[in-house]
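Quick notes on the structure that follows.
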Amino acid sequence: MVVKNCLLLCPVFVSAVSHSQITRLYSRFTSLDKGENGTLSREDFQRIPELAINPLGDRIINAFFPEGEDQVNFRGFMRTLAHFRPIEDNEKNKNPPTSEPLNSRTNKLLFAFRLYDLDRDDKISRDELLQVLRMMVGVNISDEQLGSIADRTIQEADTNGDNSISFSEFIKADDQRHERTWKHRLDTHIVTYVTAGVTNAGSTGTR
Amino acid sequence: MASPGVRVLLLLVLVSSAHGDASGINRTRGNRTLTPEEEEDSQQHHNNTKAFPVLSFNFEHVRKPFEISLWILLALLMKLGFHLIPRVSHIVPESCLLIVVGLLVGGVIKALDSDASDTNSSVPVLNTKLFFLYLLPPIILDAGYFLPIRHFTENLGTILMFAVVGTLWNAFFIGGMMYGVCQIEAAQLGDVDLLSCLLFGSIISAVDPVAVLAVFEEIHINELLYILVFGESLLNDAVTVVLYHLFEEFSHAGTVTITDAFLGVICFFVVSLGGVMIGLIYGIVGAFTSRFTLHSRVIEPLFVFLYSYMAYLSAEVFHLSGIMSLIACGVAMRPYVEANISHKSYTTIKYFMKMWSSVSETLIFIFLGVSTVAGPHVWNWTFVIFTVILCLVSRVLGVVGLTFIINKFRIVKLTKKDQFIVAYGGLRGAIAFSLGFLLTDTHMKTMFLTAIITVIFFTVFVQGMTIRPLVELLAVKKKKETKRSINEEIHTQFLDHLLTGIEDVCGHYGHHHWKDKLNRFNKTYVKKCLISGERSTEPQLISFYNKMELRQAMMLVESGSLAVLPSLTSMQNIQPRDTVKQRVIPSISKRREEEIRKMLRSNLQKTRQRLRSYSRHDLMMDPFEEDLSEVKFRKQRVEMGRRVRLTETHLNVHNSLSFKGMVSQMGYSMPLQGGERKENKQMKALKMWGFIMFIFS
């Protein structure tokens, strides 16, 4: 019922995610929701064990919660996940989108960019980069070495000389990677193959 | 400058004369009987002592190695020669030229042997043992060791589909249709039964890695297509082995039952998985061995080669897929071995592998040409023509059909262009020929061999030559030539973590989830066992960065010219800047310049003189290189980079700086680093040199 309501109230989702996928993700949502109040808190996310050992775990969790709020409902949950749906070819031709669809490449990259850029100033400064590097690399590496890596990275990406990476420079870096790996790495099969996820979610609700 | 034609002719004469000598057994036999005669003679003529033969001729003694060396030398000289004719080497791929050379050489040998008896022809043929045991492994090892793992695993499903299902389809389609063709009255092929046709189909259906490598390497196609076709050619070995043995057994037995077919399927799994298992075991053992090679660096490369070769041979003992075993061994061994061995050993391994695989490839194609001339041929128009047509048709149908199914499961679909290239790149090569050679001697065997050779020639010549213009015509994406930057690496890892996290939120165990689990397992358990010392806990990002910096620092040291300092300037100018920064170069008197130059030159010369002589058993590091040991190098590079940046910021300021000021700046920064490292004269000279280069550039 909740699902149908969602579909009625949020037509934007219909274009981004299909009906059956919404149902499946709803099952996952309810299995994560221990308090049974229709919203997820940060603790519910932190209960997922793999997310705890993921270097970017905290930031990913934060990305689900809009500014200043502590609870996310199913709509918000879906909104974030809808970013990662693969771009279907037939979709592009069917109905010309009025606004840019959620899972366009730019929006995907914006999502990733926001994970770097915590203070939301639309720039990745050296410090923010250092923080991310430190999370990914662990504790054994000296600050010096990390600093030189960060400097090198900024040097390579920075075109306008402001010693930080703006969103357009970020997109350019992704262009390079995109050319090399020829695919949209920001897509996963999650929203397509969630059947496997559903059975796991149901049985591992008490993880 | 003698033209290549003359050179070829000279070589041919040399080869033929060698063979002429070899086949002239009478002369050597006569030689051996000459000495007692000589004794008698000498006794007659010289009463006291018998004449000591100053110069004698004994070719039999070194015949085998001599011939082998001569063949290899011929192959390599041919390779050299091709690149001197630029026009030809652009149009015709090297493999074609080599086959032509093989044909010529075979023709020459045959002509020379035509006076000798037919049964004793000494034309070397590409016999199966030589091919499978000596010529094929280096190529496969080279391919497997340097396999781009990331692309391979990302497309593994597609590759497996093409390799297994595609090859099966090819084999059965060609076999079945050929049987249909053989039923035609006019072809006089009535004695070819279904099983023989299926056997023939299974031999000719497999895409050949050697031919694919030879052609695709020259056209620099994008990595997706490369890995699809190449991966398919590697993985279809298991299918080929099973089908071949299956049909061979059946054609002897005569009848096929359902249990046999079922056993065949089981056999396929055993062959492929068993081969991979053996490869993994040898790979892990090899990686473990490399952990202890700290004090005997010289023999490190040998471990890699020997373990891999043993993996191949062990798999062949059990009739498992040797190719898959070799690939698995190389893939398993590589990350750990590379973390353990010295930089020199790494270079050695790389170059030796490339060298051996290059020689093998050349020899294979030349021998193919020679065997074509040598072998008995039975030419049957219908059979041959239909084989060629059916190969093409089945390949196209197979690729199109499979892509239709595969595209439902892929995120990035294969376009029509991609499909065309994949279908067109299905080249047959020497493996098919050798398998055909293994058949039992019947009238059909020669007919099959002729057809196989025709198909090989057709694919290598026609498809090989036309694929390059077609790639240009269809504007297929080419390989990206630039090296991976640190930016990309960070970005890729970041995205990996992000997608794994998202998958975990959804509770979906997808591609990223398992990859992450594998990486974690690798980091916590495997790396600790197999990598020695501090490198075992080094994160991937750091080792990537270090490798990159090492490469650049090597360039910095090796670039001796005043004009170019590629790494440092490229570090600044990776994105071309619009505003030209005003750099004030301090004026130094000419006398001072000369002083500096002399000082640097003398220091650097002294360095070279201090090289100690080395014994064969250990590479003693001379003091210059001791300082360049990896750990210290890293620290030096970091602080060198920092110093450069410091001076850069100073240079970019619009003041004039005195040279002294800069030196003092340099001197100033020295106490900043840890005082433990002793600064000896050479390092000072090197740094000053680098610094001066920077100023003068």
Side-chain angles (χ1 to χ4, degrees), chain A residues 25 28 31-32 45 48-51 53-57 60-61 64 81 84 86 89 112 115-116 129 132-133 136-138 140-141 144-145 148-149 151-153 155-159 161 173-174 176-177 179-191 193-194 196-198 200-201 204, chain B residues 150-151 154 222-224 409-413 477 480 482 484-488 490-513 516-517 520 534 537-539 541-542 545-546 548-549 571-572 574-575 577 579 634-635 637-639 641-642 645:
Chain A
L25 286 174
R28 175 66 174 168
S31 73
L32 285 177
F45 280 104
I48 307 174
E50 285 89 359
L51 217 52
I53 45 178
N54 192 318
L56 298 178
I60 295 177
I61 296 176
F64 277 91
L81 287 182
F84 292 95
D89 278 324
L115 289 186
Y116 273 103
L129 186 61
V132 174
L133 279 177
M136 291 207 290
V137 147
N140 291 336
I141 309 300
E144 252 179 32
Q145 213 168 2
S148 57
I149 296 181
D151 286 328
R152 173 82 191 232
T153 312
Q155 240 175 7
E156 281 179 4
D158 196 16
T159 42
D174 187 70
Q176 283 180 350
R177 181 202 51 77
E179 262 179 57
R180 191 183 293 281
T181 60
W182 71 77
K183 75 185 230 176
H184 300 285
R185 281 295 305 286
L186 286 170
D187 300 326
T188 69
H189 286 285
I190 37 162
V191 205
Y193 292 134
V194 151
V198 169
N200 281 328
T204 55
Chain B
R150 176 163 270 234
H151 297 165
E154 277 176 6
N222 70 44
E223 285 124 341
L224 169 64
F409 298 97
R410 278 180 69 93
I411 296 182
V412 175
K413 318 284 184 199
K477 241 188 339 179
K480 193 163 189 274
T482 58
R484 220 169 159 167
S485 67
I486 184 82
N487 204 5
E488 251 182 81
I490 294 179
H491 196 73
T492 316
Q493 279 207 10
F494 182 82
L495 289 181
D496 267 339
H497 287 303
L498 172 60
L499 288 172
T500 314
I502 294 288
E503 281 190 1
D504 288 328
V505 167
C506 292
H508 171 63
Y509 291 145
H511 179 72
H512 291 98
H513 179 91
D516 194 60
K517 261 207 159 64
R520 224 175 282 284
E534 57 177 39
T537 49
E538 197 179 54
L541 203 59
I542 302 296
Y545 179 68
N546 286 335
M548 205 173 54
E549 290 286 286
M571 259 167 68
Q572 299 169 49
I574 296 205
Q575 310 285 340
R577 294 173 199 265
T579 58
R634 266 181 242 156
K635 289 201 187 132
R637 261 180 284 111
V638 170
E639 68 98 32
R642 197 166 16 114
R645 251 172 275 115

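In the text below, chain A, chain B and the rest are named by the order of the sequence lines, each starting its count at 1. Just so it is clear, the structure is predicted and the values come from calculations on it, not from any experiment.
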- Task: Check whether any side-chain heavy atom of B:Ile490 sits under 4.5 Å from a side-chain heavy atom of A:Met136, and report yes or no.
- Result: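 In short, these two side chains touch, coming nearer than 4.5 Å.
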Hey, could you give me the [atom1]/[atom2] distance between [X] and [Y], rounded to the nearest 0.5 Å?
X        : Y        : atom1 : atom2 : answer
B:Thr500 : A:Ile53  : OG1   : CD1   : 10.5 Å
A:Asn54  : B:Arg520 : CG    : CZ    : 7.0 Å
A:Phe45  : B:Asp504 : CZ    : CG    : 12.0 Å

- At a heavy-atom separation under 4.5 Å, does A:Ile149 approach chain B through its side chain, its backbone, both, or neither?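 For A:Ile149, backbone and side chain are both near chain B.
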- Item | chain B contact via A:Ile61 - side chain, backbone, both or neither, heavy atoms under 4.5 Å |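 Looking at A:Ile61, nothing touches chain B.
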- Between B:Lys517 and A:Glu50, is a side-chain contact (heavy atoms from CB on, under 4.5 Å) present by the stated rule, with each step listed? CA-CA 9 Å; B:Lys517 261 207 159 64; A:Glu50 285 89 359; 3.8 Å; yes
- For A:Ala112 against B:Leu495, the heavy-atom pair lying closest together: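 Reported closest heavy-atom pair: CB-CD2, 4.5 Å.
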